[in-house]
Amino acid sequence: MVCADHGAYLLNLTLKEVAQDGEKLAQVIQYCHELYRYDMVLVFSDPYVEAQAMGCPVELEPYPTLLGPAARHSYDRTPEIIHAAKILKMKLDVPVFVSVKGPFTLASFLAGIENYLKIILKRENEASRFMETAMQYQLQYLERLLSLGVNIMIGDPLASSSVISPQMFLKYAFKALQTLVDKTKTHGALVAIHICGDVRPISEYLDKLGADILSIEDIELRTETLKMGGVGTSTILNGDPNRIKSEVDTALENKNVILSTTCDVPPHTPPENIKTMLRIASEYGNIER
Amino acid sequence: MFDSIKQAVIEMDDEKTKESVSIALKEKVDPVEILEKGLIAGMQEVADLFARKEYYVPEVLLCSEAFYAGFDKIKQLIKGSSRKPGAKIVFGVVEGDIHDIGKNIVKVMLEAAGYEVIDLGRDVPVLEFVKAVEREKPDILAISSLMTTTMTHMGEIILELEKRNMRNAVKVIIGGAPVNEEFAASVKADGYSPDGPSAVKLIEKIVSG
Ligand code: B12
């Protein structure tokens, strides 16, 4: 369901065009939705929207890349994201989610990723200040999004246990995520948390957040929260029906799972592969597609 | 003595590492021994802690800073010594891929194990790898990719080396989350390893023939 890059590829648009133009972003997301008919859409172009609005230099060609920590100039693409969200909310009859970055990941972008990973251990005051700046921004961004009546997906890749320890997760990322989750829920919107890589060491904390959905790679991990995922990005790219089937089966053996690819659908994925995944899933009856 | 250097590295304390190295130097300890029994031994322990998931990326980055802080103090002294330089490694992340945390972790561990690493950075085009092999004449070319969409470049780099009759001059090892033994064999790489600590062992094995 994370489909903007793939949609851009199918429609022959560049990632830059899609990342800086809300209308085109909505167009590719709607296109994918009509092609595959899944049950929710996500407004997401790249991970750097907020960081760029806060002054990080970002290059959009040939694909979006963060060039460094926050400097003076900012380029604000949030109005485009909001524009896309509005269009999709109007046109589609499935829940629309909008991606926001987890404050820990955003703080890392602002400070420079490796620099930030060091200062969380060594210079805690400075690290906390970056967290506060990120948090303040995200609270107002969230406010703007929630007023549209959309749902929220918080992506926090750098808070993954592939990168930081569960202790650091608890110390920095957890409370910030909790605040965003609570705020979203008070507005009556759905909230999903997306963290790739290893989350086993923090699964208990993730459950505690009380989000509606956890989008994670390890679909067999025991959680109380509804999980989303199941089919790996390399599986969907290669398209071997047997492998797709075995991953779909594993995912759907668990009761509380929404089937999805684990992360962005790789741009060049043949549409057939996605249809194969959906067809296999549909054999399970009235399960989320 | 060596233990306090080792501990300082493990405790991510660059000041204490420098201090301990200075004390050792004052007591006329052989700089090569300071390096091997103190600093490198410390980083080996760090690699173990990382492999056991007691240390994560931030801890390893800080330990490596402490390591380099100590190493800077003895670098010059070691140059003229009997210590043989380790193998030379050219290392980069393939084009289209900006994930470089893993590469940086592996690099730190290789350098701490005494290898010379030429870092090409991330998002490196196929031909840049080939040119770097030509220019640097490394013993080993190490390639990282974190995405299924970009890992195919690894095969392209190896083919390009073959085309230019350079394939036999260098051993190629690859790694990154989506890479595995099977993929490594399919692109005819000489080796694969799943993480930093095992990459060090892999290279030891390759270098010793
Ligand atoms: C952190 C992260 C990011 C950070 C990267 C910061 C940075 N400067 O590196 C940010 C947020 C910027 C990011 C961006 C993106 N990411 Co990302 N990211 C991750 C995440 C969560 C962890 C990666 C990491 O740093 N791990 C920690 C390090 C220490 O581990 P490692 O890299 O695996 O390295 C170890 C081993 O693999 C090995 N190793 C690595 N290289 C080598 C080389 C050799 C020679 C050897 C021997 C060993 C070796 O040793 C290392 C140390 O032990 C992974 C999830 C995952 N499952 O890995 C996704 C992941 C890699 N990202 C993914 C994606 C899709 C993206 C984006 C495209 C998202 C988007 N739509 O914009 C962009 C990428 C843009 C681009 N073109 O590259 C996908 C890739 C999917 C695919 N197609 O295969 C992943 C797998 C998530 C997922 N589940 O789908 N990401």
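Worth knowing before you read on, the calculation uses all heavy atoms, side chains too, and leaves out hydrogens, waters and symmetry mates. All chains are named by letter (A, B, ...) in the order of the sequence lines, taking the proteins before the strands, and each is independently numbered beginning at 1.
Contact of A:S234 with chain B is made through backbone and side chain together, with heavy-atom distances under 4.5 Å. With a 4.5 angstrom heavy-atom cutoff, A:N238 does not touch chain B via any of its atoms. Neither the backbone nor the side chain of B:E54 comes within less than 4.5 Å of any heavy atom of chain A. When heavy atoms are compared at a cutoff of 4.5 Å, A:I120 approaches chain B solely by way of its side chain, counted from C-beta outward. Interface remark: B:M151 contributes no atoms to any contact with chain A (heavy atom separation under 4.5 Å). For A:I113, the part lying near chain B is the side chain, with the backbone staying farther off; criterion is any non-hydrogen pair under 4.5 Å. At a 4.5 Å heavy-atom cutoff, the contact between B:D14 and chain A is made by backbone and side-chain atoms alike. For A:T269, no part lies near chain B; criterion is any non-hydrogen pair under 4.5 Å.
Shown here for B:I98 and A:Y48, the closest heavy-atom pair between the two residues is CD1-OH, 3.9 Å. Nearest heavy-atom pair across A:S165 and B:E59 is OG-OE2, 4.0 Å. What you find for A:P266 and B:T149 is that their closest heavy atoms are CB-CG2, 3.2 Å. When all heavy atoms of B:M12 and A:K122 are compared, the closest pair comes out as O-NZ, 3.1 Å. Taking every heavy atom of both residues into account, B:Y56 and A:P201 meet most closely at OH-CG, 4.0 Å. The minimum heavy-atom distance linking A:L158 with B:I101 is given by the pair CD2-CD1, 4.0 Å.
Within 6.0 Å of atom NZ in A:K275, more than 12 heavy atoms from other residues, nucleotides or ligands are found, so the atom counts as buried in its surroundings. Open room surrounds NZ on A:K208; 12 or fewer heavy atoms of other groups in view lie less than 6.0 Å from it. Counting non-hydrogen atoms of other residues, nucleotides and ligands closer than 6.0 Å to CD of B:E33 gives a total above 12. Remark: B:K171 NZ is loosely packed, at most 12 non-hydrogen atoms of other residues, nucleotides or ligands lying under 6.0 Å away.
Side-chain N/O atoms of A:Y63 and B:D97 include no donor and acceptor closer than 3.5 Å.
Here B:G96 is the residue among B:G102, B:P178, B:G96 with the most heavy-atom pairs under 4.5 Å with chain A.
With a 4.5 Å cut-off on side-chain heavy atoms, A:T65 and B:R122 count as touching.
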Starting from the C-alpha separation in whole Å, work towards a yes-or-no answer on side-chain contact (heavy atoms from CB on, under 4.5 Å) for B:K53 and A:D198. CA-CA 11 Å; B:K53 287 221 148 221; A:D198 182 14; 3.0 Å; yes

